[in-house]
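Right, one structure below, let's go through it.
Every heavy atom of this structure was used, including side-chain atoms; hydrogens, water molecules and symmetry mates were not. Here the structure is a predicted model, which means the values were calculated and not measured.
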2 protein chains.
Amino acid sequence: MAFELFEREGFDATTVDAIAKSAGIGRRTFFRYFESKNDVVWGSFTEQLDHMRERFAQRPADEPLMESVRAVVVEFNRVDPAEVPKHRRRMELILRVPALQAHSTLRYGDWRAVVAEYAAHRLGEQPSALRPQAIAYAALGVSLAAYEHWLAESGLQLCDVLDEALSELARGFVLG
Amino acid sequence: MAFELFEREGFDATTVDAIAKSAGIGRRTFFRYFESKNDVVWGSFTEQLDHMRERFAQRPADEPLMESVRAVVVEFNRVDPAEVPKHRRRMELILRVPALQAHSTLRYGDWRAVVAEYAAHRLGEQPSALRPQAIAYAALGVSLAAYEHWLAESGLQLCDVLDEALSELARGFVLG
DNA sequence: GAGCATAATGGCACCGGGTGCCAAATGGAA
DNA sequence: TTCCATTTGGCACCCGGTGCCATTATGCTC
């Protein structure tokens, strides 16, 4: 698996040739399955976002908007306890390897679009309007802060940290 | 100038060879002045951040934290009216060209560090703690949303949009 | 101004990610 | 088996980025 190579050699030091060879396919074929080396790490994120959309659709209409965002984002990031170590290693790559950090921005765009779409729906505005976009960007931001905190501090529950960060956001970071 | 090439040919289609040639220097020399082709667009951002640090240092200690953040970020992004068109074109590149969008994430890290440092100072926490990081990430996020909105809508004042977005943030996006 | 040390320059070869092209392999359906 | 469509992967190529090294300014001392 490619992840073992990343683990052993580091992401940058692992060439596409090596990944392809270890998967028993040609280099050219690799690039038919993955747009880029970076995308190996991200996998089927786009499809996962459909789940997030569904979760949003199920929130009660009278729930405060930022409450819905918090709930959905927290649940969206809940992973099977057995998968936590794997998830952690994956997120370590995404959040700490500069090349992936940079590339991931493009994926986050899709994530934000889902949040912005829902926020726009709730606010009666266009998804491209300032507030939905600001909400999406802010929710993404605090989520990333939560992820980093979770990675840095051992023994934390990801969902707890996300919940706390998104609660702070909904509170406007008062008492500062 | 490199920017004219980006304008005419597009960022991706402009090769480093072409930039170097148009600047009358060797390709190898180019890479001594810029870490990457992406960095041409960013210029001396790191030094500008020192100004932001100074602005933070000058805020009164009894001002609500998010108020200080709003004020500093807005002022930090105020540009000489004569420079607005240039600033606009530069930000169009940064926010719309995928390669730059991705790369810029790394620069934003420095920006966030300045905000987190101040927030940590005000909260009596470590800059790496959850709240300062969340605040920095959120402030960056809504600022990017503001920038995008400013770019998309003509006739807006960047500072006004930033002010609005950061005010919403400080309010926790209530009335949603 | 001559001589010298130091830094700046840029040519060259190389690496690695990514792509277009095309021929060979694969795998059904008839 | 034959035929067609799809998948595969080799090959050459482009481009960004780097290490190495010879050459060329630059600036200082005498």
Quick one: list whatever passes salt bridge (charged side-chain N to carboxylate O under 4.0 Å, His left out) with B/Glu54, sequence neighbours left out.
-> none
A/Gln101 side chain to A/Ile94 main-chain N or O, any donor-acceptor pair under 3.5 Å?
-> no
With B for base contact, S for sugar-phosphate-only contact and - for none (protein heavy atoms under 4.0 Å), nucleotides 8-20 of chain C reads -BBBB---SBBBB
Show which side-chain atoms of residues 11-18 of chain B pair as donor or acceptor with protein atoms under 3.5 Å away, not counting sequence neighbours.
residue	atom	partner	partner atom	Å
B/Thr14	OG1	B/Leu5	O	3.4
B/Thr14	OG1	B/Gly10	O	2.7
B/Thr15	OG1	B/Ala18	N	3.1

What residues form a salt bridge (charged side-chain N to carboxylate O under 4.0 Å, His left out) with B/Glu67, not counting sequence neighbours?
-> B/Arg70
Measure the acute angle between the ring planes of B/Tyr108 and B/Trp42, then classify it against the limits of 30° and 60° as parallel, tilted or perpendicular.
-> perpendicular
Terminal axes of the helix from C/dG1-D/dC30 to C/dA30-D/dT1 (5 end pairs apiece), angle rounded to 10 degrees, sit apart by 0°
Please tabulate, for side-chain N and O atoms in residues 73-82 of chain B, each donor-acceptor pair with protein atoms closer than 3.5 Å (sequence neighbours left out).
residue	atom	partner	partner atom	Å
B/Glu75	OE1	B/Arg78	NE	2.9
B/Glu75	OE2	B/Arg78	NE	3.4
B/Glu75	OE2	B/Arg78	NH2	2.9
B/Asn77	OD1	B/Tyr147	OH	2.6
B/Asn77	ND2	B/Val73	O	2.8
B/Asp80	OD1	B/Ala82	N	3.1

Ignoring hydrogens and geometry, is there a side-chain-to-backbone donor-acceptor pair from A/Arg131 to B/Glu168 under 3.5 Å?
-> no
